[in-house]
Peer 1: 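Take a look at the following structure, please.
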Amino acid sequence: MPELPEIICRAREMNEALVGRTVRSIEALQPKCLNVPVEKFREGLTGAKLLGVTHRGKWLFVETSRGHLLINMGMGGEILLVPQDGLPEKWRVRFDLDGDETLTINFWWFGNTHFVAPGELGEHEMTAKLGPNALDLSSEEFAQRLTGRRGRIKSFLLDQSKIAGIGNAYVHDILFAAKLHPLRTIPTLEAADIERLYGAIRTELQRSIDAGGAWYEVGLNGGRGGFTADDLVIGYREGKPCPECGTTIEKIKTGSTSGFICPTCQVPP
DNA sequence: CAAGGTGTTGTCCA
DNA sequence: ATGGACAACACCTT
């Protein structure tokens, strides 16, 4: 559930706190979240110097002197920087750093911590297929990526190979801000619809970035983001009035996920 | 206290 | 190309 705003904030924090540090030792309690055997993972990154942290979609890219550490937090969890004698109760992978601190990674479901050897980033399939970051493309590129598609607009926004970084938490407010129903199909969109949608993506994600990300995720020091449930306009507000027109907000099925809409502002297809 | 829902991603199948 | 079901087995709400 960390989506682009949380990943951007996490990358920023990690750059401030981790660059220049060296990995002394590694423990991995859950081999299933790795892409290589535990021994290979430990050998690969032990002794590595951390050089910088970037992001692509919901993935964090930690560049090191010995290759990349790629992290995907799945449906939520914590990356914490703690003293070595103050480990959190739960962690799945742990990097002991110089300076008696430890970077612990925990996710409560479906996370990944992958090792990619130097020069082999292009062979990492899970990240190689990602589309451009949702905030890193122009409105022309966005429109171009929509042309020829036939599916529903919400499916497109959530498809990480088309555009990377939007998940099922922010997509409700993005679609509401663009006045588009999630089940609208792409061929029915006018140029003005696409332009509004492009603007809505930027505005809605930026609102959360400015607040430090969502309240349900924590940073390296355990502090929560400042973007709270009250900042959501329509997502998860089933039964409450639409702030634009007062119509009761509905929860609907949108494929295998659920969606939240104002049935007046977002006319069904 | 047990059941059901959930922010992610990949794969398989229609 | 598109959508749905499902699997990965944690945590919270009902």
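Just so it is clear: chains get the letters A, B, ... in the order the sequence lines come, proteins before strands, and each one is counted from 1.
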Peer 1: Please give, in whole Å, the distance from B/dT6 P to A/Glu238 CD?
Peer 2: 10 Å
Peer 1: Could you check whether A/Glu101 pairs with A/Arg21 (Lys NZ or Arg NE/NH1/NH2 to Asp/Glu carboxylate O, under 4.0 Å)?
Peer 2: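 Answer for the salt bridge query: yes.
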Peer 1: State the CD1-NZ distance between A/Ile166 and A/Lys162, to the nearest 0.5 angstrom.
Peer 2: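 Answer rounded to 0.5 Å: 13.0 Å.
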Peer 1: Atom NE2 of A/His114 to atom P of B/dT8: distance rounded to whole Å?
Peer 2: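 Checked: the NE2 to P distance equals 17 Å.
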Peer 1: For A/Lys90, is there an ion pair with A/Glu78 - N to carboxylate O distance below 4.0 angstrom?
Peer 2: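 Looking at A/Glu78 and A/Lys90, the cut-off is not met.
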Peer 1: Taking A/Asp96's backbone N and O only, do any of them form a donor-acceptor pair with A/Thr102's side chain (distance below 3.5 Å, no angle check)?
Peer 2: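 Side chain of A/Thr102 to backbone of A/Asp96: no pair is present.
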Peer 1: It should be established whether A/Asn72 places a side-chain nitrogen or oxygen under 4.0 Å from OP1 or OP2 of nucleotide B/dT9.
Peer 2: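 Yes, such a contact exists.
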Peer 1: If you take any heavy atom closer than 4.0 Å to DNA chain C, which residues from residues 150-166 of chain A end up in contact?
Peer 2: A/Arg150, A/Gly151, A/Arg152, A/Ser155
Peer 1: In whole angstroms, how far is the C1' atom of B/dG5 from the CD1 atom of A/Ile252?
Peer 2: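 Rounding to the nearest Å, CD1 of A/Ile252 and C1' of B/dG5 are 17 Å apart.
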Peer 1: Where does the angle between the aromatic ring planes of A/Tyr198 and A/Phe142 fall among parallel (under 30°), tilted (30 to 60°) and perpendicular (over 60°)?
Peer 2: tilted
Peer 1: What's A/Thr257 touching, base or sugar-phosphate or nothing? Going by heavy atoms closer than 4.0 Å.
Peer 2: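 Result for A/Thr257 = nothing.
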Peer 1: So, OP1 or OP2 of B/dG5: does either fall under 4.0 Å of a side-chain N or O from A/Lys251?
Peer 2: no
Peer 1: Could you note down all residue pairs passing side chain to side chain donor-acceptor pair (under 3.5 Å) where residues 243-257 of chain A supplies at least one of them, sequence neighbours left out?
Peer 2: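 For residues 243-257 of chain A, and leaving out neighbouring residues, the side chain to side chain donor-acceptor pair (under 3.5 Å) pairs sorted by first residue read A/Lys154-A/Thr254, A/Lys154-A/Thr257, A/Thr247-A/Thr264, A/Thr254-A/Thr257.
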Peer 1: How would you summarise protein contacts on nucleotides 7-14 of chain C per nucleotide, using B for base, S for sugar-phosphate only and - for none, with heavy-atom distances below 4.0 Å?
Peer 2: -BBBS---
Peer 1: For A/Ala214 and A/Tyr170, work out which heavy atoms get closest and say how close.
Peer 2: CB-OH, 3.7 Å
Peer 1: Figure out the CE/P separation between A/Met73 and B/dT8, and round it to whole Å.
Peer 2: 13 Å
Peer 1: On the nucleotide B/dT6, are OP1 or OP2 found under 4.0 Å from the side-chain N or O atoms that A/Ser258 carries?
Peer 2: yes
Peer 1: Ignoring hydrogens and geometry, is there a side-chain-to-backbone donor-acceptor pair from A/Arg196 to A/Ala178 under 3.5 Å?
Peer 2: yes
Peer 1: Can you tell if the side chain of A/His181 reaches within under 4.5 Å of the side chain of A/Val267, non-hydrogen atoms only?
Peer 2: no
Peer 1: Verify the contact: side-chain N or O of A/Tyr236 to OP1 or OP2 of B/dT6, cut-off strictly under 4.0 Å; return yes or no.
Peer 2: no
Peer 1: If I pick the P atom on B/dA2 and the same atom on C/dA8, what distance separates them, to the nearest angstrom?
Peer 2: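 Result for the P pair: 23 Å, nearest Å.
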Peer 1: Atom CD of A/Glu6 to atom P of B/dT8: distance rounded to whole Å?
Peer 2: 10 Å
Peer 1: Who passes side chain to side chain contact (heavy atoms under 4.5 Å, CB included) against A/Ile7, sequence neighbours left out?
Peer 2: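 With sequence neighbours excluded, A/Ile7 shows a side chain to side chain contact (heavy atoms under 4.5 Å, CB included) to A/Pro2, A/His55, A/Leu60, given in chain and number order.
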Peer 1: With rounding to the nearest 0.5 Å, note down the distance linking CG in A/Leu81 to OG1 in A/Thr104.
Peer 2: 8.5 Å
Peer 1: Roughly, in whole Å, what's the span from CH2 in A/Trp59 to C1' in B/dT9?
Peer 2: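 So the two atoms are 9 Å apart, to the nearest Å.
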Peer 1: Hey, would you say the A/Phe41 and A/His114 ring centroids sit under 6.0 Å apart?
Peer 2: no
Peer 1: Please state how far atom CG in A/Leu205 lies from atom P in B/dG7, giving the value in whole angstrom units.
Peer 2: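 From A/Leu205 CG to B/dG7 P: 16 Å.
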Peer 1: I need the residues from residues 124-133 of chain A with at least one non-hydrogen atom less than 4.0 Å from DNA chain B; give them sorted by number, or say none.
Peer 2: A/Met126, A/Lys129
Peer 1: To the nearest Å, how far apart are A/Phe227 CZ and B/dG7 P?
Peer 2: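 Interatomic distance, CZ of A/Phe227 to P of B/dG7: 15 Å.
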Peer 1: When you check the gap from the basic side-chain N to the acidic O, do A/Arg207 and A/Glu204 get nearer than 4.0 Å?
Peer 2: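 Here A/Arg207 pairs with A/Glu204 in a salt bridge, since their nearest N and O are under 4.0 Å apart.
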Peer 1: Would you verify whether the NZ or CZ of A/Arg56 falls within 45 degrees of the ring axis of A/Trp59 while also being under 6.0 Å from that six-membered ring's centre?
Peer 2: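 Geometry flag: not set, cation outside 6.0 Å or 45°.
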Peer 1: Tell me, what's DNA chain B's dot-bracket, Watson-Crick or G-U with both distances under 3.5 Å, | for other-strand, [ ] crossing?
Peer 2: .|||||.|||||||
